[in-house]
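Letters A, B, ... mirror the listed sequences (proteins, then strands); counts begin at 1.
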Amino acid sequence: MDLPGTLSCDDELRHWPTDEAQARAVQDRLRPYVRLDEPGPQPGFAGTVVGVDVAYDDERDVVAAAAVALDARTLAVVDEATAVGRVSFPYIPGLLAFREIPTVLEALTRLTHTPDLVVCDGYGQAHPRRFGLASHLGVLTGLPTIGVAKNPFTFRYEPPGPERGATSPLLDRDAPGDDGEEVGRALRTQKGVKPVFVSVGHRVDLERACAHTLHLAAAYRLPETTRAADSLCRRALASA
DNA sequence: GCGACAG
DNA sequence: ATCTTGTCGC
């Protein structure tokens with residue numbers, strides 16, 4: 001499968017950071033490659049939406065990643081792939097990408113066809129340095145990406161209305177001046193259920209990121225992409 | 001220094 | 001993320 005990336009994934013993987021200072025430097029170096037000026041695929045487009053997720057086994061120091069491709073319109077599973085690796089980085093808030101991306105990339109490249117949109121567990125622009133997991137994966141692959149997280153991280157928001165589809169801005173905590181910058185949105189995907197937190201990764205705007213998420217979460221709180229990838233990486237870990 | 005903190 | 005059974009409710 002071909003990736004439309006500007007830089008070499010392999011080079012980045014070869015120079016993967018081993019400590020916090022190096023990791024932050026990588027984020028600062030790659031941050032300028034994020035593209036926020038493209039609207040991204042139309043909601044309802046003909047193509048595939050791919051969900052990625054990872055599961056860990058601390059005992060064995062093993063990580064399993066899954067990539068599941070769904071038909072963007074019907075949400076039927078059309079392809080899936082997994083990869084197993086060693087945990088290469090500790091969990092540090094703000095540096096999640098360095099823990100997850102190497103194995104995720106391997107699973108992603110094992111898919112038969114190039115994804116049209118990738119949905120990540122976590123954040124993209126909603127990040128202390130505006131370079132969360134989804135943006136990082138987007139820049140490395142060149143693919144349109146969005147982040148859908150289950151928690152608001154360090155960001156502030158007012159609860160959206162109770163109806164499915166209601167949104168409210170996710171605001172940077174202590175931005176100087178007014179309310180703070182909108183770094184993402186809290187999106188109510190199911191009536192009366194806790195919202196999910198959507199942010200742009202790469203080559204998709206926030207409006208469409210939310211529209212795709214809502215479409216993917218027609219039946220449950222979380223997008224079907226996330227549910228499918230979560231289920232698959234757990235199974236991959238169990239049989240690894 | 002203390003607390004908070006995606007997965 | 002992960003440790004973990006039953007249980008309340010639609």
Task: Between C1' of C:dC3 and CZ of A:R60, the distance in whole Å - done: 16 Å

Open item on the list: Measure CD1/A:I92 against C1'/B:dC5 and give the value in whole Å, please.
Closed with: 12 Å

Task: Phosphate OP1/OP2 of B:dA6: any A:R99 side-chain N/O under 4.0 Å - done: no

Task: Rounded distance in Å - CG (A:D121) to C1' (C:dT2) - done: 15 Å

Open item on the list: What is the distance, to the nearest angstrom, from the OH atom on A:Y91 to the P atom on B:dC5?
Closed with: 10 Å

TODO: May I ask whether A:Y56 stacks on the base of B:dG7, given the cut-offs of 5.5 Å between ring centres and 30° between planes?
DONE: no

Open item on the list: Just to be sure I understand the rule, does A:A55 reach a base, reach only the sugar-phosphate, or reach nothing, if contact means heavy atoms closer than 4.0 Å?
Closed with: sugar-phosphate

TODO: For A:L133, report the nucleic acid contact type (base, sugar-phosphate, nothing); a contact means any heavy atom under 4.0 Å.
DONE: base

Open item on the list: Applying a 4.0 Å non-hydrogen cut-off, can you work out what A:L95 is touching in the nucleic acid: base, sugar-phosphate, or nothing?
Closed with: base

- [ ] Find the distance A:L96:CG to B:dA4:C1' and express it as a whole number of Å.
- [x] 16 Å

Task: Minimum-distance nucleotide (side-chain atoms of A:D53 versus B:dG7, B:dA6, C:dA1) - done: B:dG7

Open item on the list: Against A:H136, only a single residue in A:V34, A:T141, A:T145, A:I101 fulfils side-chain contact (heavy atoms from CB on, under 4.5 Å); can you say which?
Closed with: A:I101

- [ ] Quickly work out the A:L170 CG to B:dA6 P distance and round it to whole Å.
- [x] 12 Å

- [ ] Determine: side-chain N/O of A:K150 to OP1/OP2 of B:dA6, distance under 4.0 Å, yes or no.
- [x] no

Open item on the list: Without decimals, in angstroms, what is the distance between A:D57 CG and B:dG7 C1'?
Closed with: 16 Å

TODO: Write down the distance between OH (A:Y157) and P (B:dA6), rounded to a whole number of angstrom.
DONE: 13 Å

Open item on the list: Please evaluate residues A:Y33 and A:H202 with respect to the criterion ring pair (Phe, Tyr, Trp, His ring centres under 6.0 Å), reporting the C-alpha separation (whole Å), side-chain torsions for both, the decisive distance (0.1 Å), and the verdict.
Closed with: CA-CA 9 Å; A:Y33 293 97; A:H202 182 58; 9.3 Å; no

TODO: Examine B:dG7: is either OP1 or OP2 under 4.0 Å from a nitrogen or oxygen in the side chain of A:N151? Give yes or no.
DONE: yes

Open item on the list: Just to be sure I understand the rule, does A:G147 reach a base, reach only the sugar-phosphate, or reach nothing, if contact means heavy atoms closer than 4.0 Å?
Closed with: nothing

Task: Note: A:D230-A:R234 ion pair, threshold 4.0 Å (strictly below) - done: yes

Open item on the list: Between A:H215 and A:F45, is the ring centroid distance below 6.0 Å?
Closed with: no

TODO: Tell me, please, whether A:Y56 has A:R99 positioned over its six-membered ring: NZ or CZ under 6.0 Å from the ring centre and within 45 degrees of its axis?
DONE: yes

